[in-house]
**Student:** 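Pasting in a structure now, in structure tokens, and then I'll have a few things to ask.
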Amino acid sequence: MCGRTACTLAPDEVSRASSYRNRGGQRRQPRWRDGDADKYRPSYNKSPQSMSPVLLSQRHFDKEAPVDECVLASMRWGLVPAWFKENDPSKMQYSTSNCRSESLLSKKSYKDPLTKGQRCVILADGFYEWQKVEKDKQPFFIYFPQSEGPSQGKKEDQDDPTTSARNKENSEVACPPGEASPALTEEVEAPGEWTGWKLLTMAGVFDCWTPPDGGEPLYSYSIITVNASQNLQSIHHRMPAILDGEDEVRKWLDFGEVKSLDALKLLQSKNTLTFHPVSSIVNNSRNNSPECLQPVDPNSKKKPKPTASSKMMTSWLSSSAPLKRKGSDTRESKDKQENDAETEPKSTGALQQWLQGAKKKPRTK
């Protein structure tokens, strides 16, 4: 189950963070489809019906495009089948924000786009999941371990939020916050590896629906889910199908060379994610601030006192391109979460260890 995500990067940052190597070994930045960069709104609390950044093959839009060329698009979360007869997508009788990997070939809504090769990768900082604890629900933020990048900084600077913010600013030199990335207008070679937040790459299928009475085509997607990995089973029994690494992303998107049945073999439970508990503020999708991602102590009824490292995390989230993140998505949808597990998990992820490091004695000069 995946009913809420976060994607806080600005459009040009998403492009840089999703760079890839083509068959010639050159690193490329995917461009945004015309106008799609403006449709996407960064958000700390993104719910179904909102627009999210999606990576897919350019050949879906241009049959003459190179076989290995990727493009970014803004798509609605919640697949609207091409055959849907109503003029209003909200009149659909069932939810399509998630689709079970076991049902991809048995349900028409997903089988049709899958057989057409309409596979995509949904990009996000991470996703939220709720663990059932007695009569309450404890939310967790789940994401790729962040082993490198400006958010971590050098070890000797871990307790200095000013240093972290400065490192983040330095990482933006290639594309200052007030300027548009060249990747927005044309595909170019990336100047180097992205050193910011490592985006989560989730497998999905998409479709294109046009209102029966005419109107602009709507691209929408569904996130594919699989059985939860061992380290996430205590939170929930399902998880998004994670594509781990550029090779898996390339195979999932290459619908010409990799046929559907072979691509489905990539949809496995992977024990590659880490997590931390967050505040129940995230329960309401109207709440959209860095506090949604802030680690908390679930055993304490009081709000934990901010530490140097937690302040650093908030600084990392808010200091880069604040103007571009100002208009983040705040639309609310019904929160349909299934929570079955009872025990509280323990996270050994890099970010959690880094945050716990704040308890050490501050450095003295």
Side-chain angles (χ1 to χ4, degrees), residues 1-5 7 18 20 48 52-57 59-60 68 70 73 75-81 94-129 140 142-145 198-207 219-275 336-338 340-341:
M1 182 66 185
C2 180
R4 206 74 67 76
T5 65
C7 193
S18 54
Y20 62 96
S52 297
V54 170
L55 189 68
L56 67 162
S57 171
R59 284 203 169 184
H60 290 294
D68 56 351
C70 294
M75 292 192 186
R76 176 188 183 270
W77 185 3
L79 187 144
V80 180
Y94 51 92
S95 172
T96 55
S97 57
N98 293 164
C99 59
R100 299 172 64 92
S101 60
E102 302 89 337
S103 303
L104 281 171
L105 294 176
S106 60
K107 293 189 175 181
K108 180 177 174 60
S109 297
Y110 310 125
K111 181 179 179 180
D112 286 358
L114 184 67
T115 54
K116 295 176 184 177
Q118 292 172 185
R119 309 192 297 255
C120 63
V121 175
I122 298 90
L123 304 172
D125 295 7
F127 68 98
Y128 298 98
E129 192 55 86
F140 285 82
I142 306 171
Y143 50 96
F144 271 141
K198 181 181 179 183
L199 290 177
L200 198 60
T201 43
M202 300 176 283
V205 291
F206 73 93
D207 212 343
Y219 284 88
S220 58
Y221 69 88
S222 180
I223 296 176
I224 300 172
T225 65
V226 295
N227 289 326
S229 58
Q230 184 176 1
N231 70 325
L232 296 180
Q233 288 176 356
S234 59
I235 300 178
H236 197 272
H237 68 287
R238 302 289 292 184
M239 66 178 289
I242 303 300
L243 300 169
D244 190 11
E246 288 189 23
D247 186 56
E248 289 195 1
V249 170
R250 180 190 62 79
K251 289 179 179 179
W252 182 253
L253 296 183
D254 192 349
F255 65 95
E257 179 178 312
V258 183
K259 302 303 180 184
S260 296
L261 292 180
D262 291 325
L264 292 179
K265 297 176 183 178
L266 297 170
L267 306 179
Q268 304 292 330
S269 300
K270 297 183 176 69
N271 207 43
T272 58
L273 304 183
T274 188
F275 53 86
K336 298 179 181 179
Q337 299 294 339
E338 299 175 6
D340 295 331

**Student:** Please list all pairs meeting ring-ring contact (aromatic ring centres under 6.0 Å, His included) that have one or both residues in residues 100-123, counting only residues at least two apart or in different chains.
**Tutor:** none
**Student:** Holding to side chain to side chain donor-acceptor pair (under 3.5 Å), I want the full list of residues that pass it with T115, two or more places apart in sequence or in another chain.
**Tutor:** none
**Student:** Test your reading of the model: is there a side-chain donor-acceptor pair from Y20 to the backbone of C70, 3.5 Å cut-off?
**Tutor:** yes
**Student:** Any chance you could measure L200, atom CG, to I242, atom CD1, to the nearest 0.5 Å?
**Tutor:** 4.0 Å
**Student:** What is the minimum heavy-atom distance between L55 and L253, and which atoms define it?
**Tutor:** O-CD2, 3.5 Å
**Student:** Considering residues at least two apart in sequence or located in another chain, which fulfil the side-chain contact (heavy atoms from CB on, under 4.5 Å) criterion with A124?
**Tutor:** T5, M202
**Student:** Name all residues meeting the side chain to side chain donor-acceptor pair (under 3.5 Å) criterion together with S269; count only those two or more places apart in sequence or in a different chain, and write none if there are none.
**Tutor:** none
**Student:** Where do S101 and L267 come nearest, in terms of heavy atoms and distance?
**Tutor:** CB-CD1, 4.2 Å
**Student:** So, the side chain of N231 versus the backbone of T274: is there a donor-acceptor pair under 3.5 Å, distance only?
**Tutor:** no
**Student:** Rounded to the nearest 0.5 Å, what's the gap from CD on Q118 to OG on S260? Could you check?
**Tutor:** 10.0 Å
**Student:** Mind checking what makes side chain to side chain donor-acceptor pair (under 3.5 Å) contact with E257, not counting sequence neighbours?
**Tutor:** R23
**Student:** Looking at residues at least two apart in the chain, or sitting in another chain, which of them share a side-chain contact (heavy atoms from CB on, under 4.5 Å) with K265?
**Tutor:** D262
**Student:** Please identify each residue that fulfils side-chain contact (heavy atoms from CB on, under 4.5 Å) with T201, with sequence neighbours left out.
**Tutor:** V121, L123, F144, L243, V249
**Student:** I want to check something: taking the side chain as every heavy atom from C-beta on, are D68 and D254 in contact at a cut-off of under 4.5 Å?
**Tutor:** no
**Student:** Rounded to the nearest 0.5 Å, how far apart are OG of S222 and CH2 of W77?
**Tutor:** 9.5 Å
**Student:** Please round to the nearest 0.5 Å and tell me the distance separating atom CZ of F127 and atom CD1 of I223.
**Tutor:** 9.0 Å
**Student:** So, for F206 and C120, which heavy atoms are closest and what is the spacing to 0.1 Å?
**Tutor:** CD2-CB, 3.9 Å
**Student:** How close do W252 and A263 get, heavy atom to heavy atom, and via which atoms?
**Tutor:** CZ3-O, 3.5 Å
**Student:** For the atom pair CD1 (I122) and CE (M75), what is the distance rounded to the nearest 0.5 Å?
**Tutor:** 8.5 Å
**Student:** Residues in salt bridge (Lys or Arg N to Asp or Glu O under 4.0 Å) with K270, at least two apart?
**Tutor:** E248
**Student:** Would you give the length of the straight line joining atom OG of S229 to atom CD1 of I235, rounded to the nearest 0.5 angstrom?
**Tutor:** 9.0 Å
**Student:** Could you pull out all residues at least two apart from E102 that satisfy salt bridge (Lys or Arg N to Asp or Glu O under 4.0 Å)?
**Tutor:** R100, R238
**Student:** I'd like to check P48 versus S95 (side-chain heavy atoms, cut-off strictly below 4.5 Å). Are they in contact?
**Tutor:** no
**Student:** For a side chain to side chain contact (heavy atoms under 4.5 Å, CB included) with R119, tell me which candidate from V258, L56, L266 qualifies.
**Tutor:** V258
**Student:** Check Y143 against F275 and note the closest heavy-atom contact, atom names and distance.
**Tutor:** CE2-CA, 3.9 Å
**Student:** Listed by chain and number, what are the side-chain contact (heavy atoms from CB on, under 4.5 Å) partners of S57, not counting sequence neighbours?
**Tutor:** R59, H60, F255
**Student:** R76: what forms a salt bridge (Lys or Arg N to Asp or Glu O under 4.0 Å) with it, not counting sequence neighbours?
**Tutor:** none
**Student:** Going by the rule salt bridge (Lys or Arg N to Asp or Glu O under 4.0 Å), which residues pair with D247 if we only count those two or more places apart in sequence or in a different chain?
**Tutor:** R250, K251
**Student:** With a 4.5 Å cut-off on side-chain heavy atoms, are E129 and L232 touching?
**Tutor:** no
**Student:** Do you know the tightest heavy-atom contact between L79 and T96?
**Tutor:** O-OG1, 2.6 Å
